[in-house]
Number of protein chains: 2
Amino acid sequence: MDNQERHILRTRANVLKALAHPARLWMVGQLERGERCVCELVEGLDIDFSTVSKHLLVLKNAGIVEDDKRGKQVFYSLRIPCVMNFMHCVDAVLENAKLET
Amino acid sequence: MDNQERHILRTRANVLKALAHPARLWMVGQLERGERCVCELVEGLDIDFSTVSKHLLVLKNAGIVEDDKRGKQVFYSLRIPCVMNFMHCVDAVLENAKLET
DNA sequence: TGGTCAATTGGCATAATAACCAAACGACAG
DNA sequence: CTGTCGTTTGGTTATTATGCCAATTGACCA
């Protein structure tokens, strides 16, 4: 395993890590249907405004979402619409896990 | 967001979290090419035997791999061959992130 | 200029992860 | 039975993640 492979693995893991949280997964699901301001996301989740803001920062740093400040609000949207596509594969993992246990 | 949705989000996040580590991502990549015993994986990664074993436990608990004890060795294999399919989508995230920065 | 609303930042407490070493365990060989 | 090999478990420590509260920033309105 050379340095380049190591680097690729690290960056891939970062993207996955950014998605690996229920609240962030939910947000991404919402954003799939269109942009949302932070306050809309706070309403849906039942957690602190600041916590939502930090989750969004994680997604932004991973390159998954982008933000757009318009007036007093900040709107977030998906940079990669396909991002949730593979969730079906994740669900396949879960299905399979259930069957064999 | 009802309890069922909450539950789905949590289990999905668990699968993603299990994959969200460079060493585990590498192992899954290896297992895509066929089963491997723990010692083979230890050789490829440069980390402790016990650490590898624990990583494999994480993958197993997430339903991603299964183990098969044969003689003195334990062989791990993928339960979901498609598991790495979506890595192309992850890479798309990375590509896009690079372009716009 | 003040006030207010939307959002981010800093700080802190708590929990979860990751890695190592040492010890234990199960299968097999002698 | 004893020793050894491959693996897992337990324990410890360092690092990172999460979530709340309080304080700050920025845009807009009166």
Side-chain angles (χ1 to χ4, degrees), chain A residues 1 6-7 9-28 30-31 34-78, chain B residues 1 6-7 9-28 30-31 34-78:
Chain A
M1 187 165 46
R6 218 181 296 276
H7 178 254
L9 289 169
R10 210 167 335 113
T11 48
R12 281 179 174 175
N14 280 340
V15 172
L16 292 171
K17 195 157 56 174
L19 291 170
H21 188 286
R24 294 197 288 265
L25 227 36
W26 181 84
M27 291 186 202
V28 171
Q30 294 300 303
L31 296 182
E35 63 171 21
R36 296 278 187 280
C37 70
V38 184
C39 55
E40 286 174 301
L41 296 171
V42 169
E43 243 180 276
L45 299 162
D46 196 29
I47 52 182
D48 198 77
F49 219 109
S50 67
T51 304
V52 171
S53 182
K54 279 170 185 170
H55 279 309
L56 286 166
L57 182 62
V58 171
L59 290 171
K60 185 176 151 188
N61 286 339
I64 296 166
V65 303
E66 61 191 346
D67 58 343
D68 180 21
K69 197 165 296 194
R70 292 207 296 276
K72 279 193 276 190
Q73 293 175 305
V74 178
F75 290 88
Y76 281 83
S77 56
L78 279 191
Chain B
M1 188 164 47
R6 218 180 297 274
H7 178 254
L9 288 169
R10 212 169 332 114
T11 49
R12 282 178 173 176
N14 281 340
V15 172
L16 292 171
K17 196 157 55 174
L19 291 170
H21 188 287
R24 294 197 289 265
L25 227 36
W26 182 84
M27 293 185 201
V28 171
Q30 294 300 302
L31 297 181
E35 65 171 20
R36 295 279 187 281
C37 71
V38 184
C39 55
E40 287 174 301
L41 297 171
V42 169
E43 241 180 279
L45 299 162
D46 194 30
I47 54 181
D48 198 77
F49 221 115
S50 67
T51 304
V52 171
S53 182
K54 279 171 186 170
H55 279 309
L56 286 166
L57 182 63
V58 171
L59 290 171
K60 185 176 152 188
N61 286 338
I64 297 167
V65 304
E66 61 191 345
D67 57 344
D68 180 21
K69 196 166 296 194
R70 292 207 296 276
K72 279 192 276 192
Q73 294 176 306
V74 179
F75 291 87
Y76 280 84
S77 56
L78 278 192

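Order of the sequence lines fixes the chain letters, A, B, ..., with proteins taken first and strands second; residue numbering starts at 1 for each chain.
With hydrogens and angles ignored, the 3.5 Å screen pairs no side-chain donor or acceptor of B/R70 with any backbone N or O of B/D68. Looking at B/T11, its side chain does come within 3.5 Å of a backbone N or O of B/H7 through a donor-acceptor pair. Not a single donor-acceptor pair under 3.5 Å links the side chain of B/T51 to the backbone N or O of B/I47. Within the 3.5 Å criterion, the main-chain N or O of B/E40 finds no donor-acceptor partner in the side chain of B/E43.
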Each nucleotide N or O in nucleotides 13-17 of chain C that has a protein N or O under 3.5 Å away: list the pair and distance.
from: C/dT17; atom 1: OP1; to: B/K17; atom 2: NZ; distance (Å): 3.2

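Taking 4.5 Å as the limit, every side-chain heavy atom of A/E66 sits out of range of all side-chain heavy atoms of A/K60. Two residues are said to be in side-chain contact when any heavy atoms from C-beta on lie closer than 4.5 Å; A/R24 and A/L19 fail this criterion. In this structure, A/M27 and A/V52 have side chains that are in contact, with non-hydrogen atoms separated by less than 4.5 Å. Residues A/R6 and B/P22 form no side-chain contact, since every pair of their non-hydrogen atoms from C-beta on lies 4.5 Å or further apart.
Following rounding to the nearest Å, A/D68 (CG) and C/dA6 (C1') show an atom-to-atom distance of 14 Å. Atom C1' of nucleotide C/dA19 and atom CG of B/L57 are separated by 15 Å, given to the nearest angstrom. Atom C1' of nucleotide C/dT8 and atom NZ of A/K60 are separated by 10 Å, given to the nearest angstrom. In this structure, B/L56 places its CG atom 14 Å from C1' of C/dA18, rounding to the nearest Å. Distance CD1 (B/I47) to C1' (C/dA18): 9 Å, rounded to an integer number of Å. What separates CZ of A/R36 from C1' of C/dA6 is a distance of 17 Å, to the nearest Å. One can place CD of A/Q73 at 14 Å from C1' of C/dT4, the figure rounded to the nearest angstrom. As rounded to whole Å, 10 Å separates atom P of C/dA19 from atom CG of B/L45.
Note on A/Y76: only backbone sugar-phosphate atoms sit closer than 4.0 angstrom, heavy atoms only; bases stay farther off.
The residue among B/D67 and A/A23 whose nearest nucleotide of DNA chain D lies closer to the 5′ end is B/D67. When the nearest nucleotides of DNA chain D are assigned to A/A20 and A/K69 by heavy-atom distance, the more 5′-ward of the two goes with A/A20.
Put simply, CD on A/Q73 and CD on A/E35 are 10.0 Å apart, with the number rounded to the nearest 0.5 Å. Atoms CG and CD1, on B/N14 and B/I64 in that order, are 10.0 Å from each other to the nearest 0.5 Å. Note that CG of B/L41 is 7.0 Å distant from CG of B/L45, once rounded to the nearest 0.5 Å.
The overall bend of the helix from C/dT1-D/dA30 to C/dG30-D/dC1, read as the angle between its terminal helix axes built from five base pairs each, is 10° when rounded to 10 degrees.
Here chain B contacts DNA chain D (any atom closer than 4.0 Å to a heavy atom, that is under 4.0 Å), and the contacts span D/dC5 to D/dG11 from 5' to 3'.
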Run the salt bridge (Lys or Arg N to Asp or Glu O under 4.0 Å) test on B/K69 and B/D67 for me, step by step, so that the C-alpha distance in whole Å, both residues' side-chain angles and the decisive distance to 0.1 Å come before the verdict. CA-CA 7 Å; B/K69 196 166 296 194; B/D67 57 344; over 6 Å; no
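Residue B/S50 places no side-chain N or O under 4.0 Å from the OP1 or OP2 atom of C/dC20. OP1 and OP2 of C/dA19 both lie 4.0 Å or more from every side-chain N or O belonging to B/T51.
The A/K54 side chain lies nearest to C/dG10 when the options are C/dA27, C/dG10, C/dT8.
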